[in-house]
Chemist: 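Handing you this structure, nothing more for now.
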Amino acid sequence: TEPGEQVLPVIERLLLEAENLKRAADDFASAGSGRLRIAATHSQARYALPPAVRDFRAHHPDVSLHLQQGSPQQIAKLLLEG
């Protein structure tokens with residue numbers, strides 16, 4: 001559909017970024033310890049992250065996990081500010 005065609009590039013970009021996040025987490029997890037900071041929107045933090053956080057903590061107990069919730073604009077600003 002036309003609406004589907006409109007959102008397809010956004011969805012493809014999100015899927016690519018999700019894969020990049022998995023790759024970065026795998027790289028980080030191989031270190032065994034350290035700190036991982038994740039910023040997410042309210043919906044992601046409420047619905048998508050809890051099972052992933054639970055599984056991550058079970059497999060990597062020596063990693064300190066910090067979650068921060070914000071709007072997409074706030075998250076982009078956090079990323080740009082390092």
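Bear in mind that the values here come from a model prediction, so they are computed numbers and not experimental data.
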Chemist: Given side-chain contact (heavy atoms from CB on, under 4.5 Å), test N20 with R23 step by step and report yes or no.
Modeler: CA-CA 5 Å; N20 288 339; R23 212 171 299 119; 2.9 Å; yes

Chemist: Shortest non-hydrogen contact from E5 to P9?
Modeler: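 E5 and P9 have their closest heavy atoms at O-CD, 3.4 Å.
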
Chemist: Which atoms form the tightest heavy-atom contact between A45 and P50, and what is the distance?
Modeler: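 Heavy atoms of A45 and P50 come nearest at O-CD, 3.3 Å.
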
Chemist: Rounded to the nearest 0.5 Å, how far does CG of D55 lie from NE2 of H60?
Modeler: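 Result: 9.5 Å between the selected atoms.
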
Chemist: Quick check on side-chain contact (heavy atoms from CB on, under 4.5 Å): which of V10, L16, L8, L15 does E12 satisfy it with?
Modeler: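 Testing E12 for a side-chain contact (heavy atoms from CB on, under 4.5 Å) against V10, L16, L8, L15 leaves exactly one candidate, L8.
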
Chemist: Tell me the closest heavy-atom pair linking Q69 and T41, and the distance in Å.
Modeler: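 Nearest heavy atoms, Q69 then T41: CG-C, 4.1 Å.
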
Chemist: Is L36 linked to V53 within one hydrophobic cluster, defined over Ile, Leu, Val, Met, Phe, Trp and Tyr using a side-chain heavy-atom separation of less than 4.5 Å?
Modeler: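 Hydrophobic grouping puts L36 with V53.
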
Chemist: CG of L67 to CZ of R37: how many Å apart, nearest 0.5 Å?
Modeler: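 Going from the CG atom of L67 to the CZ atom of R37 covers 10.0 Å.
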
Chemist: Any chance NE2 of H59 has more than 12 other-residue heavy atoms, nucleotides or ligands included, within less than 6.0 Å?
Modeler: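 Atom NE2 in H59 is not crowded, with 12 or fewer foreign heavy atoms closer than 6.0 Å.
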
Chemist: Can you tell me how far CD1 of I38 sits from CD1 of I75, rounded to the nearest 0.5 angstrom?
Modeler: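 I75 CD1 to I38 CD1: 11.0 Å, rounded to 0.5 Å.
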
